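Below you will find the structure I want to go over with you.
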Amino acid sequence: QVRLAESGGGLVQAGGSLRLSCVDSGRVVRPYTTGWFRRAPGKEREFVAAINWSGTDTDYANSVRGRFSISRDTAKNTVYLQMASLEPEDTAVYYCAAKTVFSGSYYQGYAYWGQGTQVTVSS
């Protein structure tokens, strides 16, 4: 079983940085892939970034590529999303998600979700 909890959200000024954490407190099943998604006010949830189990493969949405970095600390059962050069458009609730089977895409097939953490970027 996978049980996810996000943390690290908050208020930051444009151009600043923030690091989100996603901790998997489950100890039964190892996630195959962990992803970050976000939902901005009035918009649909969108893919942000993903990382495979070993941390050797990552993918990013075009809107965040070059600014965000996803990483995994397997020993701590934690996935991080390091966000830099933040813009007001990055304001959203950020969710981490995990799947335990390969579904052929980083963008879908996630069975486990955290509760979300709010990121607000001010001008």
Side-chain angles (χ1 to χ4, degrees):
Q1 183 68 36
V2 177
R3 186 167 63 252
L4 306 177
E6 306 96 333
S7 63
L11 177 64
V12 64
Q13 291 185 335
S17 299
L18 202 63
R19 187 178 73 165
L20 306 183
S21 300
C22 174
V23 178
D24 175 18
S25 60
R27 293 294 185 273
V28 179
V29 180
R30 295 175 297 177
Y32 187 90
T33 305
T34 304
W36 284 97
F37 293 76
R38 67 186 183 185
R39 186 177 68 243
K43 297 183 178 180
E44 297 292 319
R45 180 179 294 172
E46 65 176 347
F47 169 80
V48 176
I51 188 168
N52 68 345
W53 175 81
S54 63
T56 58
D57 189 41
T58 60
D59 196 18
Y60 299 91
N62 290 334
S63 59
V64 306
R65 185 174 288 109
R67 299 188 298 119
F68 290 11
S69 178
I70 188 171
S71 61
R72 181 188 296 275
D73 187 334
T74 303
K76 296 182 178 180
N77 299 308
T78 302
V79 172
Y80 303 98
L81 184 67
Q82 180 67 52
M83 305 182 294
S85 301
L86 284 164
E87 306 168 357
E89 291 74 21
D90 295 315
T91 295
V93 177
Y94 284 71
Y95 301 87
C96 66
K99 52 184 175 181
T100 58
V101 297
F102 177 71
S103 61
S105 174
Y106 279 142
Y107 317 122
Q108 60 185 16
Y110 292 88
Y112 305 94
W113 293 82
Q115 82 288 346
T117 184
Q118 176 71 49
V119 172
T120 302
V121 184
S122 62
S123 300

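Quick note: residue numbers are just sequence positions, from 1. Since the model is a prediction, treat every value here as computed from it, not as a measurement.
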| field | With Glu89 via side chain to side chain contact (heavy atoms under 4.5 Å, CB included) - residues at least two apart | value |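 By the side chain to side chain contact (heavy atoms under 4.5 Å, CB included) rule, Glu89 matches Glu87.
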| task | Give, for atom CG of Leu81 and atom OG of Ser69, the distance between the pair rounded to the nearest 0.5 Å. | result |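 Reported to 0.5 Å precision, the distance equals 8.0 Å.
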| field | Pairs touching residues 54-80 that satisfy ring pair (Phe, Tyr, Trp, His ring centres under 6.0 Å), sequence neighbours left out | value |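 Not a single pair qualifies under ring pair (Phe, Tyr, Trp, His ring centres under 6.0 Å).
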| task | Take Arg67 and Ser85 through the test side chain to side chain donor-acceptor pair (under 3.5 Å) and record every step on the way to the result. | result | CA-CA 6 Å; Arg67 299 188 298 119; Ser85 301; over 6 Å; no
| note | Correct closest heavy-atom pair for Trp36 and Glu6 would be CZ3-CG, 3.9 Å
| message | Quick check with a 6.0 Å cut-off and a 45 degree axis cone: is Lys99 positioned over the face of Tyr110's six-membered ring? | response | yes
| Mind checking what makes side chain to side chain contact (heavy atoms under 4.5 Å, CB included) contact with Thr56, not counting sequence neighbours? | Asn52, Ser54
| query | Met83 and Leu11: same hydrophobic cluster, using ILVMFWY side-chain contacts below 4.5 Å? | reply | no
Could you list the donor-acceptor pairs under 3.5 angstrom formed by side chains in residues 39-51, with sequence neighbours left out?
{"residue": "Arg39", "atom": "NH1", "partner": "Tyr95", "partner atom": "OH", "Å": "3.1"}
{"residue": "Arg39", "atom": "NH2", "partner": "Tyr95", "partner atom": "OH", "Å": "2.8"}
{"residue": "Glu46", "atom": "OE2", "partner": "Arg38", "partner atom": "NE", "Å": "2.7"}
{"residue": "Glu46", "atom": "OE2", "partner": "Arg38", "partner atom": "NH2", "Å": "3.2"}

| Among pairs that include at least one residue of residues 9-22, which meet side chain to side chain donor-acceptor pair (under 3.5 Å), considering only residues two or more places apart or in two chains? |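 Non-adjacent pairs meeting side chain to side chain donor-acceptor pair (under 3.5 Å): zero.
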| note | Smallest heavy-atom separation, Gln118 atom then Val93 atom, equals OE1-CG2, 3.2 Å
| said: Among residues at least two apart in sequence or on other chains, which ones pass side chain to side chain contact (heavy atoms under 4.5 Å, CB included) with Val121? | reply: Val12, Ala14, Leu86, Pro88, Asp90, Thr91, Val119
| task | Run the numbers on Thr34 and Arg72 for side chain to side chain donor-acceptor pair (under 3.5 Å), then give the verdict. | result | CA-CA 9 Å; Thr34 304; Arg72 181 188 296 275; 2.9 Å; yes
| said: Could you walk me through whether Tyr106 and Asp57 satisfy the side chain to side chain donor-acceptor pair (under 3.5 Å) test, starting with their C-alpha distance in whole Å, then the side-chain angles of each, then the deciding distance to 0.1 Å, before giving a yes or no? | reply: CA-CA 10 Å; Tyr106 279 142; Asp57 189 41; 2.5 Å; yes
| message | Counting C-beta onward and ignoring hydrogens, is there a side-chain heavy-atom pair between Thr100 and Tyr112 closer than 4.5 Å? | response |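 Yes, side chains in contact.
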| query | Are Val23 and Leu4 close enough that some pair of their side-chain heavy atoms sits under 4.5 Å apart? | reply |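 They are not in side-chain contact.
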| query | Between Asp59 and Arg65, is there a salt bridge with N-O shorter than 4.0 Å? | reply | yes
| message | side-chain contact (heavy atoms from CB on, under 4.5 Å) for Thr117 and Leu20? Distances and angles first, verdict last. | response | CA-CA 8 Å; Thr117 184; Leu20 306 183; 4.1 Å; yes
